[in-house]
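Predicted model only: the values in this text are computed from it and were never measured. Letters go in sequence order (proteins before strands), and every chain restarts at 1.
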Amino acid sequence: MAFWKPGTEKPSFVEDEEGGIVLMSNNLSSSSSSSYGYANIEKQRQRLPVYKYRTEILYLVENHATTIIVGETGSGKTTQIPQFLKEAGWAEGGRVIACTQPRRLAVQSVSARVAEEMGVNLGDEVGYTIRFEDHTTSGVTSVKFLTDGVLIREMMEDPLLTKYSVIMVDEAHERSISTDILLGLLKKIQRRRPELRLIISSATIEAKAMFNFFNTSKNRQAPEGSTQGPKLEPAILSVEGRGFSVKIHYVEEPVSDYIRSVVSTILLINEREPPGDVLVFLTGQDDIETSIKLLAEEAHSNQKNSSGLLPLPLYSGLSRAEQELIFTPTPRGKRKVILSTNIAETSLTLEGVVYVIDSGFSKQKFYNPISDIESLVVAPISKASARQRSGRAGRVRPGKCYRLYTEDYFLKQMPGEGIPEMQRSNLVSTVIQLKALGIDNILGFDWPSPPSPQAMIRALEVLYSLQILDDDAKLTSPTGFQVAELPLDPMISKMILASNELGCSDEIITIAAVLSIQSVWVIARGVQKEQDEAKLRFAAAEGDHITFLNVYKGFLESKKSSQWCYKNFLNYQSMKKVVEIRDQLKRIARRLGITLKSCEGDIDAVRKAVTAGFFANACRLEPHSNGVFKTIRGSEEVYIHPSSVLFRVNPKWVVYQSIVSTERQYMRNVVTINPSWLTEAAPHFYQNRQNNMSL
DNA sequence: TGGGGATTT
């Protein structure tokens, strides 16, 4: 096979006027296939658009420290580029080629595909690592897929990631917190390891930002004309996708009720358009259920328009079985209508979709560093999201996308790209990860998109109050270093450390595992009463944390039965995850010198340990107020979440794990405390609060 | 006094 090797004639490029390198995309010769087995797979590989760019990609990677690949979906970049690199010798001498993904599922499926294409067993030459699953063989695995979170963890053992020769960061345009941290760290590593090559794969819209971020050629002078090391200026290469065209329809006038508009658009499609499934993007479960109800009513009153419609909800909270309904083939004469949250935008790919309806909204997290509260609000999506959504209609054949906003709005008002998650989040976990990697100057860290100084200062302040950071904002010893080892929110980690002294680490590690997943309960709309009754079987007067202990105990006694979970409105997948996380925490705790010890029913010890982690989230019931609480820290008005076992109970003093902010601010996972424990757990915080708050 | 967009270590 022909690919570029140093010293041979190089392929032709043009220099972009702004400094990047852009490839002439026409007249590229595709190389002939080898006659080595796997003829079918080899043919499939060659049909991928990225295959034509093989020579060019290898040339750019050879000559540039950073190569930005702009690849549409279906270009084949994720599966092919690591193979090109391997074939070109980047894995020789025991070196490893890494490819990161934001999601676990993508890591698993992509690595399985690549192992198949290479004709090797997954876990040998091609392997993958995600939390709880390491399918690699040291010294053998040379192409490794992993989540970006795992790669950040690996830096704690090997800060320069010395075993990797090339690191490809896939889906960088999604701008998740982990990806952004990783990009910042990789830029730092590049300075110390000029031989390391980075490949950043991004959508068009973010490519320029990535170029600017990695363009260090202005700051550092590479000797002109020297053959030493790669060019510091990134290269940009565009690879076309393999999607079909999607015709975009806009509404002529702004829509006042997008749910009604969704329903009428579905009926219109069903009446006028040839067969093909419909994918609708809505904001959340509420919207989805309302739309399904309206469709059902429509079917009742108007059989002609809605005949053959098969509405299916899709969001992450659904059980495995409910989600699988989406993937069953559409029965003949039927038309699936999948009503989805933005889970279908990136995380799930649905085959058979020909029509997309885009409400123009999604729920997004925002963070207020003043109140230290994250809230989830319905907000307009970005152009980048709108394009991603419409692209979902062109996977099997040319499709149509109905945007429920005007073209004028799209062109003139819709923001180009979303706000990176980093700028919409509480940063305590981010800060602790960087501190653990020895990065002292958090405020001066070179981020792809820096968060606000207020948010960073708030995170430093919280970590200081937890005695994880000292006066110089360095990790304390041993607390800070121990917290950094635990893959948890620092408040949960602090709770675990406290449990060692309080003699209840066995119980607290269970609670920590439950608090670190979304929820153990299934979402049971329409059967709330039954679920509330089921919850009462586990409910503890002290609150949710103690209730979780009862749930876990019941799960073990049932021999981890899925039937038992179903009967008790518990999410079986979540419970299995709790067991897994608990095992991991147990191992790490042992390494930190924490021995598993049960308090044998001494619930006060457990609540004190919780308080030691979550003292900053203390609240007092307002007298005669019917359930209004005030936070001690900021006097914010908050309520107990209806999912809590303490809902309507309203004890006088509580600490909460987190706040969900909808119409009201609701505390999730609440436990009763004795206020004297607050000063015991955090005298520095409660006796000298004025000083602390102005850190 | 009634409710969790999506990820991940």
At a cut-off of 3.5 Å, list every protein nitrogen or oxygen paired with a nitrogen or oxygen from nucleotides 5-9 of chain B, distance to 0.1 Å.
residue	atom	partner	partner atom	Å
dG5(B)	OP1	Lys363(A)	NZ	2.3
dG5(B)	N3	Lys363(A)	O	3.4
dA6(B)	OP1	Ser316(A)	N	2.4
dA6(B)	OP1	Ser316(A)	OG	2.9
dA6(B)	OP2	Ser316(A)	OG	2.8
dA6(B)	O5'	Ser316(A)	OG	3.4
dA6(B)	N1	Glu421(A)	OE2	3.0
dT8(B)	OP1	Arg104(A)	N	2.8
dT9(B)	OP1	Arg131(A)	N	2.8
dT9(B)	OP1	Thr147(A)	OG1	3.1
dT9(B)	OP2	Arg104(A)	NH1	3.3
dT9(B)	O2	Arg153(A)	NH2	3.4
dT9(B)	N3	Pro487(A)	O	3.3

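The CG-C1' distance, from Asp287(A) to dG4(B), rounds to 14 Å in whole Å. Here the C1' atom of nucleotide dG3(B) and the CZ atom of Arg648(A) are 12 Å apart, to the nearest Å. Rounded to whole angstrom, the span from the CD1 atom of Ile659(A) across to the P atom of dG3(B) amounts to 15 Å. For Tyr639(A) and dG2(B), the OH to P distance is 10 Å, given to the nearest whole Å. What separates CD of Gln665(A) from P of dG2(B) is a distance of 16 Å, to the nearest Å.
Between Tyr666(A) and His641(A), the ring-plane angle classifies as perpendicular under the 30° and 60° cut-offs.
Nucleotide dG4(B) is shown with a syn base, its glycosidic torsion being within 90° of 0.
A salt bridge between Glu637(A) and Lys630(A) is absent, with no side-chain N of the basic residue lying under 4.0 Å from a carboxylate O of the acidic one. In summary, Lys163(A) and Asp158(A) do not engage in a salt bridge, as defined by a charged side-chain N under 4.0 Å from a carboxylate O. Of the charged side-chain nitrogens involved, at least one lies within less than 4.0 Å of a carboxylate oxygen, so that Arg389(A) and Asp358(A) count as a salt-bridged pair.
In this structure, Thr349(A) and Phe327(A) approach most closely via the heavy-atom pair O-CE2, 3.8 Å.
Sorted by first and then second residue, the side-chain hydrogen bond (donor to acceptor under 3.5 Å, both in side chains) pairs with a member in residues 479-490 of chain A read Glu485(A)-Arg591(A); sequence neighbours excluded.
Asn669(A) comes within 4.0 angstrom of nothing in the nucleic acid, heavy atoms only.
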